[in-house]
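Structure record follows, encoded as structure tokens.
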Amino acid sequence: MQSSNKSPNINPRTAAPHNPSTSASPRYAFIDFLDVGGTMTISQEIANLTEDSGQDLPEENVQIGSIQGTVVGLRYYTGKVSRGEMVSLVRQPQNPYDQNAVMVTNVYGSQVGHIKKELAAPMAYVMDNNLARVEGVVPCGETNKFSMPVNLTFWGKEENREAVHNQMRRHGFKLGTGFKGYTTQTSLGRDLLGLSSKMSAIPLTVEELKNAFDRLFDDLMEDKTREMEPAEAVCTSLLPHQKQALSWMTSRENSNDLPPFWEEKSGFYFNVLTNFAVKERPEKVLGGILADDMGLGKTLTTIALIVSNFHNGKPLPLEQCEGSSSSSRMKSTSKDHEESYEPASSSHLKRLHADEEGVPQKKAKTTMKTAKKPANTKKGVVLLDDVDFAAALECSSSQVVPAKKSAKKGSGTGKVPSGGGGGSGARATLIVCPLSVLSNWLDQFEQHIRADVTLKVYLYYGADRKRSVKLLSEQDVVLTTYNVLSSDFGNKASSPLHKVNWLRVVLDEGHVIRNPNALQSKAILELQSERRWILSGTPIQNSLKDLYMLMSFLKLKPFDVKEWWNRIIQRPVTMGDRVGLQNLQVLVKGITLRRTKNSKVAGRMLVQLPERRVFVQHVTLSEEEREEYEQVRKEGRKIVGRYFEEGTIMTNYADVLAILVRLRQYCCHPSLLGKYTGADDPGTPSELRERLINKITLVLNSGSDEECAICLDSLRQPVITYCAHVYCRPCICEVIRSEKEQARCPLCRAQIKTKELVEYPGEEMQAGAATGENWRSSSKVDALMSNLLKLRNEDPTVKSLVVSQFTRFMDLIEVPLREYGFSFTRLDGSMAQKTRAKAIQDFQDSSPGHPTIMLLSLKAGGVGLNLTAASHVFMMDPAWNPAAEDQCFDRCHRLGQSRDVVITKFIVKDSVEENMVKIQKKKQELVDKAFGVKKPQDLKQARIEEIRALMEI
DNA sequence: ACCGCCGGGTGCC
DNA sequence: ACCGCCGGGTGCC
């Protein structure tokens, strides 16, 4: 991966400046360990108890002590462990015989026994009060039917060391300093009997770790250079690197290899990391991570995979319209005579709102570019490739099934037998993607699948989506969004997507499931599928933690359970353990393919992108503007200066942001200035409420990409506290719930209550800027217009993106665009999927009469957004985060771009914008040099320094 | 469990 | 013998 903007959250202890004024830890243990009700299965209990209980913070990774204990009751349980194997200790407060019970399970979650009750008593206290986590390794496996020793190691915060030791001592147990060999993981299973000292001998330095981490996803293409031609149904010719990806993906899907870290040894299957041995072959992991850089054609490759590898490298059996190589048509699912329902302009892709009877509905084409060729209405249907189809059917290529008969199977594709691929008759591929790329997928299917082939693609989206499991199972492809999936999953009324046995599930932009607590992540994990793929340009965004969910999705045992991931990979790596890192590298390498734009195939560049040049155009404010700007700046400085003096900059953070936003807005256009509400007395409750709504709106629209200080993730369901700090609603509610009446704001320690949280009312609250008669221009708008006019003069076919963080600025720009007769379109976050897709399509169409300018809001659309029709970008206002700008440029500077890309950034001279550029540079240097700091208080501290620089205080 | 523990049977050497 | 000793029954939490 590119070593830029990644800031892995590794060992901040060594890097983080500590700020005493904000040292209150905003991290809370959310799981009430005693509150496990009713009858739970073992796996549920494990899941609950290992769920994000904060154990992955380095501070909590101190070894507190070790002791040998006894596992008893072996004869009552089926779970087996062997010599050197890791076990999990799980509290069982509901146990009717002993509420202190601690059960012992093996890596696969099967119960092995219990900890002897005398030891369980103090352990239960330690575990329940979260004083330490306890991990076990069985030193010699079972030697008799009744009990065996277990080496227990306590891990936790340094500050809890005393408490843990005391508690154990009170019960007559003295914690020692460790065991030979089993305190950390064994080195690839070869270090079973001590001798482990050399592993921990020289921990990796932060620098080494960072480098290793950055390179984790680099060069994952050795031995992955075999090429494979796609099935005939794909009409686009694949680039060499795409054929390689297709070959690799196909082999991953058809692989009979053991998953990473499993070995076969004298009739047993043996996991070299956990020392787990089983008789049964561990389940295959069919799939992996395609982590190519954006623009290398992950979508096309995936489409090729879908039609090319049904089973064992045989293509998906598809129907072909006779003698209609170029015309498009749609075939009904079961009844040929109903083809007369077809609208003449429909495409060959059967999709959208096909109902249970297979009658396509008239409005089937909502988001699609309609195929302009006349529909072919011939009835005859033959198979694209009878031989391959027969092979898929019978697993014996000698027998050719008559075409007519096979065509009948259209409605009963579920019956297609496994064909030796180990399949269960599953046919359909489910693609889950962010809304922003939904239409891109549809376009790409349209574009890359031969027009005379019937690929059944169903868009499972919209209020009238069909929930028939049968219908969904019979598709070739079902396309849906993370939102639809999780809302189906959340509404208890049985999600049809979770009832289908998928052949393949593909997660586009798969890194979005990185938060394991999010509903959408849970929904994803519940999907049934034979093969699983993650497509992602940025498989790791912030830290190793992100990878855990990916392993969990791929069902890569035992890493799909948090405790094992933490013990075997995450903790060793974050602590600088070389073996841990090596294991991580092996793991990633085995399941990932990643190429970047700079990767080389046989010494040649993978893709040759046109040049990309960035110009900064300095804008001078007019005298009048300058005067007004200085006015606003002076006021702002006065206020912010006062906060600094009073030391209240933290509590007034939202106000400061508001002032900055005002300045930035002013640089763009005087009319953008919103009403400013100061930090005076709260006044009446409704006044306070209004003020808070104002503040949260400003914070969220400030473009500063605020994060929730609790989950460190982007804000979801943002709410603002009375002390004016913004969090995710679920996060802050959890804090309040766990702290009860004493709940305090994690950032400023003010008292908080659930009913005092104020919601973000949404975008549409702001007053519209003056776009009517009293419209006036600004220096920046003038600069833009003169650029656009000049461009149009030189080459009227050139298309441009005009990017801003302020949608109201975009409103203002619309006025002169119209005045000068520019044809333009617009894309911002508030647009519905339909209009959004239309805007993109309109803009990408280069035939005359289509827009040449797109007004684009900086963060609209995801990474997948493809705007290659544009070759010029006008960045109207600088962003806090240079990576956000880069990502925006990449929307047109990507595969498919044929012209050199010119980027113009407008920066107002002697203004907050110039200071922002300086900060951008500094940030970039920081990111390049070492770890970015991710602790919330440090983030805030950094922001305060930024404010100082921005306001020149 | 080739243990520990319990409780009934038993009782000089 | 209100003991000791023996040997069978028994056994996670």
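The sequence lines fix the lettering, A, B, ..., with proteins before strands; numbering per chain opens at 1.
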Checklist entry - What's the CE-P distance between A/Met148 and B/dA1, to the nearest Å? => result 15 Å

Item to check | Nearest-angstrom distance from the residue atom OH of A/Tyr77 to P of C/dC13 | outcome: 10 Å

Item to check | Check: C/dC13 base within 3.5 Å donor-acceptor of A/Tyr76 side chain | outcome: no

Checklist entry - Does B/dA1 have a Watson-Crick or wobble mate here (both distances under 3.5 Å), and if so which one? => result none

Item to check | Rounded P spacing from B/dC5 to B/dT10 in Å | outcome: 25 Å

Next on the checklist: Tell me if the centroids of the rings in A/Tyr108 and A/Phe276 come within less than 6.0 Å of each other.
Outcome noted: yes

Checklist entry - Do A/Asp98 and C/dC13 share a donor-acceptor pair, side chain to base, under 3.5 Å? => result no

Item to check | Salt bridge flag under 4.0 Å for residues A/Glu159 and A/Arg161 | outcome: no

Item to check | P atoms of B/dG11 and B/dC6, separation to the nearest Å | outcome: 24 Å

Checklist entry - On a whole-Å scale, what distance lies between the C1' atoms belonging to B/dC2 and C/dC13? => result 25 Å

Next on the checklist: Tell me the interatomic distance from A/Phe146, atom CZ, to C/dC12, atom P, rounded to whole angstroms.
Outcome noted: 10 Å

Checklist entry - Do side-chain atoms of A/Arg91 reach the backbone of A/Gln99 as a donor and acceptor pair under 3.5 angstrom? => result yes

Next on the checklist: In whole Å, I'd like the distance from the NZ atom of A/Lys117 to the P atom of C/dC12.
Outcome noted: 9 Å

Item to check | Sugar-phosphate, base or nothing in reach of A/Leu74, heavy atoms under 4.0 Å | outcome: nothing

Checklist entry - Under a 3.5 Å cut-off for both distances, is C/dC13 Watson-Crick or wobble paired, and to whom? => result none

Item to check | Euclidean distance, atom CG of residue A/Asn144 to atom C1' of B/dC3 [Å, nearest integer] | outcome: 10 Å

Checklist entry - Could you state the CZ-P distance from A/Arg75 to C/dT10, rounded to the nearest angstrom? => result 12 Å

Checklist entry - Touch check for A/Lys145, heavy atoms < 4.0 angstrom, all strands: base, sugar-phosphate only, or nothing? => result nothing

Checklist entry - Between the main-chain N or O of A/Leu273 and the side-chain N or O of A/Asn271, is there a donor-acceptor pair closer than 3.5 Å? => result yes

Item to check | Atom-to-atom span, CE of A/Met103 to P of C/dC12 - whole angstrom | outcome: 18 Å

Item to check | Nearest-angstrom distance from the residue atom NE2 of A/His114 to P of C/dC12 | outcome: 11 Å

Item to check | side chain to side chain contact (heavy atoms under 4.5 Å, CB included) between A/Trp502 and A/Ser473, worked out | outcome: CA-CA 7 Å; A/Trp502 301 102; A/Ser473 310; over 6 Å; no

